[in-house]
Amino acid sequence: MTTSMDNNHQPSQGEAPHCSFPFRAVGLFTGDMRRCGEWVKRQSLVIQLPDCVFRGVAQVMFVNNPLSGLLIVVGLFLQNPWWALNGLLGTLVSTVSAFMLGQNREAISVGFYGYNGTLVGILIAVFSAKGSWYWWLFLPNVFMSMLCPVVSSALSSVASKWDLPIFTLPFNILVCLHIAATGAAHPYFPEVDIQPNNHLHHLNDSIQSLSIPQLFLSVPVGVGQVYGCDSPWTGGLILLALLLCSPTLCFHAMLGSAAGMFAGLALAASHRDIYTGLWGYNSALSCIAIGGVFYVITWQTHLLALICALFCAYMTSATSKLMSVLALPACTWPFCLSTLIFLLISSEIPAICRLPLSVVSYPEENRRYRRQLKASEEAQHSQQNGSQEEARPKEKGRPNVQLQVEKGCSECVASHTRRHVWELQYIGGEGARREKGTKLEK
């Protein structure tokens, strides 16, 4: 869901000797692995596809790193191999479909057309009432994943007018469409029966019955629930994948999940839902998006990310109730709605700076880009001031011809403007009088 930075922002070759070899070696595998991506682009499609697939799996968490995607896939196999297989199939089909539709190659290479297919494939398997290894489930998985680039392209053409991302809206639309079209009584593809969530607080839940260890575990579990997984080991591997790309992403994922957990406790949610991370995954995504991905990370945007995570938790409560009446899951609708609202805010505070989508990357690179842009603006401003000072007359007593000309031009423009206004008034008045005289003659 992020965009790689332009090549103009790469460190120059002259800066490389100042960095020690271990740091350069670590830099090859952290961040967005730009050098690896550039090498893959020169290879055949057989080598490009695995890179696109792993980047697509990681892009669910705003990560553009194939090694992070590989770690996440390992975590998915730890949770459920059947779910992981469906997720990989959905990512592959969605990516190949984008190639066949002639979508932007750069967007495909960073996984933009894969991450929605990942979620579609996993969640179709999660909500299937047939359980694991029901091979006929590949049919709706392939069909819905094939539609992901179509829906993504259509939504991007609308969202690009406001320079907004589409997030996981294609996934939400297609999964809800599939579940609503099949339902719990379908003979071939039955879904899990989702009951209306009318009662938020369970009678057996109380403050005394809270389990502190399970509350701590709900933080990584909430991160894992982004992929529909409730295993703390899977959540831990996902956090490790985020740490490999960006420590800021990892921190905000945990912060958002914890904020969702505390909001669930404040809203007297079911302890079981809190323990299984259902209150954390939307808030984790929102906190990541605002805390350094689409905004340059500052203490103001860090606070804004925390507020967005809490707001997203309230949105989760409301959306899950409304969607359960229709026997549909909440998916990531709360994350999409709340984060889009926070991206549309306007502020006169310079520290709250939303980046254009064309330069969005991981938080550390975004901050580096902002510093370089600020330095270039200051250099350009100082250069303009220097050129203006050089243009001033060097000799004392020399008449400032430029000011006199500008003054004379301004007086001419002013007199011409007054004359033009007088002519319009005169012509308008003369026309009105003539029209009145014509009516009297008639």
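Values below: all heavy atoms of this structure, side chains included; hydrogens, waters and symmetry mates excluded.
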Closest non-hydrogen atom pair between Y362 and D32, with its separation: CE2-N, 3.6 Å

side-chain hydrogen bond (donor to acceptor under 3.5 Å, both in side chains) evaluation trace for D51 with Q43: CA-CA 11 Å; D51 182 76; Q43 309 306 312; over 6 Å; no

Inter-residue atom distance C331.SG - L123.CG, 0.5 Å rounding: 6.0 Å

Output field: ring centroids F251/H302 closer than 6.0 Å: yes

Closest heavy-atom pair and its distance - F62, L249: O-CD1, 3.9 Å

Polar side-chain atom of S109 near backbone of E106 as donor-acceptor pair, under 3.5 Å: yes

Minimum side-chain heavy-atom gap M323-P329 below 4.5 Å: no

Sole residue of L255, V226, V293 in side-chain contact (heavy atoms from CB on, under 4.5 Å) with I288: V293

Side chain proximity check, L119 to V60, heavy atoms < 4.5 angstrom: yes

N/O donor-acceptor pair under 3.5 Å between S286 side chain and N282 backbone: yes

Closest approach of T234 to L76 (non-hydrogen atoms, all atoms of both residues): CG2-N, 4.3 Å

Closest contact, heavy atoms only, P220 versus L239: CB-CD1, 4.1 Å

Side-chain (N65) to main-chain (F29) donor-acceptor, under 3.5 angstrom: yes

Closest non-hydrogen atom pair, A327 against I179: O-CG2, 4.0 Å

Stepwise side-chain contact (heavy atoms from CB on, under 4.5 Å) check, L210 with L265: CA-CA 10 Å; L210 276 176; L265 291 175; 3.8 Å; yes

Near-ring test F167/F294, centroid separation under 6.0 angstrom: yes

With sequence neighbours excluded, residues passing side chain to side chain contact (heavy atoms under 4.5 Å, CB included) with V151: L155, P170, I173, L174

Shortest non-hydrogen contact from T298 toward A351: OG1-O, 3.3 Å

Any donor-acceptor N or O pair under 3.5 Å, side chains Q195, D193: yes

Side chain S152, main chain C148, donor-acceptor under 3.5 Å: yes

Geometric class of the F189/H186 ring pair [parallel <30°, tilted 30-60°, perpendicular >60°]: parallel

Donor on one side chain, acceptor on other, S153 and S156, under 3.5 Å: no

N86 vs N141, side-chain hydrogen bond (donor to acceptor under 3.5 Å, both in side chains): CA-CA, chis, key distance, verdict: CA-CA 7 Å; N86 276 273; N141 184 358; 3.0 Å; yes

Check: P334 main-chain N/O paired with T316 side-chain donor or acceptor under 3.5 Å: no

Residue Q383 excluded, over 12 heavy atoms near CD under 6.0 Å: no

Side chain proximity check, L267 to W279, heavy atoms < 4.5 angstrom: yes

Donor-acceptor contact below 3.5 Å, side chain T276 vs main chain D273: yes

Criterion ring pair (Phe, Tyr, Trp, His ring centres under 6.0 Å) on W82 and F138, from CA distance to verdict: CA-CA 11 Å; W82 173 244; F138 281 167; 5.3 Å; yes

Check: N64 main-chain N/O paired with S68 side-chain donor or acceptor under 3.5 Å: no

Residues which pass side chain to side chain donor-acceptor pair (under 3.5 Å) with T95, listed by chain and number, not counting sequence neighbours: none

Any side-chain donor near an acceptor of the partner, E364 and T248, under 3.5 Å: yes

Side-chain donor/acceptor of N366 to backbone N/O of G292, under 3.5 Å: yes

Test log, rule side-chain contact (heavy atoms from CB on, under 4.5 Å), inputs E365 and R34: CA-CA 12 Å; E365 185 68 22; R34 185 182 293 113; 4.0 Å; yes

Distance-only side-chain donor-acceptor flag, S145 / S94, under 3.5 Å: no

Any donor-acceptor pair under 3.5 Å from S257 side chain to M254 backbone: no

Tabulate below the donor-acceptor pairs under 3.5 Å that side-chain atoms of residues 305-314 make, not counting sequence neighbours, or state none.
none

Test item: I122 and T118 side chains (from C-beta on) under 4.5 Å apart, heavy atoms: yes

Side chains of H271 and Q214, donor plus acceptor under 3.5 Å: no

Atom CH2 of W133: over 12 foreign heavy atoms under 6.0 Å: yes

N172 versus T332, side-chain donor and acceptor atoms under 3.5 Å: yes

Separation of M61 CE from I238 CD1 (nearest 0.5 Å): 6.5 Å

Sidechain-backbone polar pair: R354 side chain, L344 backbone, donor-acceptor under 3.5 Å: no

